[in-house]
Amino acid sequence: MKLHRTRVFLRAYGALPHRLLGAATRALMRAERPRWAVRAVIAAWIRRGRIDLAECEPGPWPTVEAFFLRRLRAGARPVAPGLVSPADGVVVGAGPIDQGTILQVKGSPLRLARVLGAGPAEVAALQGGRYLTIFLTPDGYHRVHMPCDAEIAEVRWIAGRLFPQNEDALATIPRIYERNERAALRCVRPDGGVFWLVLVGASLIGGIELCGLPRAAWARGRAVAWGRRLPKGAELGHFTFGSTVVIAGPRDMFEGPGPAVGAAVRVGERVG
């Protein structure tokens, strides 16, 4: 059994200095020397994760972080009709929004007001809608794309911790998506419908970055207007380590049943 996924370790994780651990990990991920060590770590990561590099832009990658943030080749992920996945990963939650709540692993309820940093009227507007939660695995692609044509009207930074988000952690640590650092994006479709994309920071680096908007401009204690229009499939941001994306929107945004919990999804695949 892996120590970092045991109940004892995960229960004790809250006592660890999350920001200090993140700073140390970030320094290692961004180190360019010794070159042999960087190349060895990347090679081992590719072997262990059985990563298919044929769909990625070629290296070399000067740092482990550069490899982690590798880009896809043009055309590697065709964009399907309908609502599409914003990220590569595994579905860890999906279903209806009822009484302002969604469900975490094993049915643990989460309050949308806290997950989104939203007010009562904004939460009430989602009643009867649906949500989809995608965990980006450490071996996958870590850039986040628009699931449909929309304007990102505003960004809300919600300060928090950096707990792990693997299945064992979700089953052991309560309300992770209410407690971890988040960037909640309020998005408006061309028909005026409002939905939310929430980027949830994870353990260690936990880095959330948005394309074209420096972190210092949005990671503050109030909502920040953005007004950026992006077409479906366009890149909107990335994580500098594994993390999670939550989509929450009205029922008419999801035309089909969507993927089941446990299903693997990829950027551009239809999920609703």
Side-chain angles (χ1 to χ4, degrees), residues 1-6 9-10 13 16-74 76-77 85-90 92 134-145 160-170 176 180-183 199-216 218-219 235-245 264-267:
M1 178 178 291
K2 297 178 180 179
L3 175 63
H4 70 285
R5 298 188 69 155
T6 62
F9 178 83
L10 291 169
Y13 201 90
L16 298 178
H18 292 189
R19 299 295 168 183
L20 180 60
L21 287 172
T25 305
R26 187 178 299 109
L28 289 172
M29 292 278 284
R30 293 178 177 175
E32 296 186 16
R33 287 181 170 74
R35 285 294 307 145
W36 65 266
V38 173
R39 289 193 294 267
V41 170
I42 292 173
W45 201 325
I46 293 169
R47 288 194 304 272
R48 183 188 62 81
R50 299 179 181 178
I51 297 171
D52 180 11
L53 296 181
E55 65 177 9
C56 303
E57 293 182 354
W61 299 280
T63 66
V64 175
E65 181 181 72
F67 169 71
F68 190 80
L69 294 177
R70 60 195 178 275
R71 293 183 178 276
L72 297 173
R73 291 180 184 272
R77 303 291 176 82
S85 177
D88 282 12
V90 177
V92 295
I134 301 169
F135 171 62
L136 285 69
T137 60
D139 298 323
Y141 171 69
H142 287 87
R143 295 182 182 271
V144 183
H145 296 247
R161 303 298 304 277
L162 293 172
F163 289 103
Q165 292 177 34
N166 57 61
E167 185 176 359
D168 293 320
L170 292 174
I176 284 178
N180 274 15
E181 179 186 47
R182 302 177 295 291
L199 282 62
V200 186
S203 56
L204 300 181
I205 294 179
I208 302 170
E209 301 291 341
L210 301 176
C211 295
L213 190 65
R215 182 176 169 85
W218 59 266
E235 183 183 338
L236 66 89
H238 65 260
F239 292 106
T240 50
F241 215 66
S243 200
T244 298
V245 177
V265 294
R266 287 156 56 93
V267 165

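Note that CZ of F67 is 15.0 Å distant from CZ of R39, once rounded to the nearest 0.5 Å. One distance of note links OG of S85 with NE2 of H145; it measures 9.5 Å at 0.5 Å rounding. Summarising the geometry, atom CG belonging to L236 is positioned 11.5 Å from atom CG belonging to L213; distances are rounded to the nearest 0.5 Å. Atom CG in L72 sits 8.0 Å away from atom CZ in R266 (nearest 0.5 Å). Separating the CG atom in D139 from the CD1 atom in I51 is a distance of 5.0 Å, to the nearest 0.5 Å.
In summary, the aromatic rings of F68 and W45 are positioned with their centroids under 6.0 Å apart.
E181 places none of its side-chain heavy atoms less than 4.5 Å from the side chain of R161. Looking only at side-chain heavy atoms (C-beta outward), R215 and I208 come within less than 4.5 Å of each other. Counting heavy atoms from C-beta outward, P86 and I134 have side chains that approach closer than 4.5 Å.
The two residues A31 and V38 have their closest heavy-atom pair at O-CG2, 3.5 Å. C211 approaches G237 most closely through the heavy-atom pair SG-N, 3.6 Å. Here the closest non-hydrogen pair linking T63 and E32 is CG2-CG, 3.5 Å.
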Candidate pair L199 and T244, rule side chain to side chain contact (heavy atoms under 4.5 Å, CB included), full reasoning: CA-CA 6 Å; L199 282 62; T244 298; over 6 Å; no

Could you walk me through whether E65 and T240 pass the side chain to side chain contact (heavy atoms under 4.5 Å, CB included) check? CA-CA 7 Å; E65 181 181 72; T240 50; 3.7 Å; yes

Does the pair V41 and W36 meet the rule for a side chain to side chain contact (heavy atoms under 4.5 Å, CB included), with working shown? CA-CA 9 Å; V41 170; W36 65 266; over 6 Å; no

Could you walk me through whether D88 and R77 pass the salt bridge (Lys or Arg N to Asp or Glu O under 4.0 Å) test, one step at a time? CA-CA 11 Å; D88 282 12; R77 303 291 176 82; 2.6 Å; yes

Evaluate the side chain to side chain contact (heavy atoms under 4.5 Å, CB included) criterion for residues F135 and V245: first the C-alpha distance (whole Å), next the side-chain angles of each, then the deciding distance (0.1 Å), finally the verdict. CA-CA 7 Å; F135 171 62; V245 177; over 6 Å; no

Determine whether R143 and E235 satisfy the following criterion, salt bridge (Lys or Arg N to Asp or Glu O under 4.0 Å), listing intermediate values before the conclusion. CA-CA 7 Å; R143 295 182 182 271; E235 183 183 338; 2.9 Å; yes

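Side-chain N or O atoms of R73 include none that pairs as donor or acceptor with a backbone N or O of E55 at under 3.5 Å. Not a single donor-acceptor pair under 3.5 Å links the side chain of R71 to the backbone N or O of L69. Under the 3.5 Å distance criterion, the side-chain polar atoms of H142 are matched with a main-chain donor or acceptor of T137. The main-chain N or O of G201 is found under 3.5 Å from a side-chain atom of N180 such that the two form a donor-acceptor pair. Side-chain atoms of R70 do not come within 3.5 Å of backbone N or O of W61 as any donor-acceptor pair.
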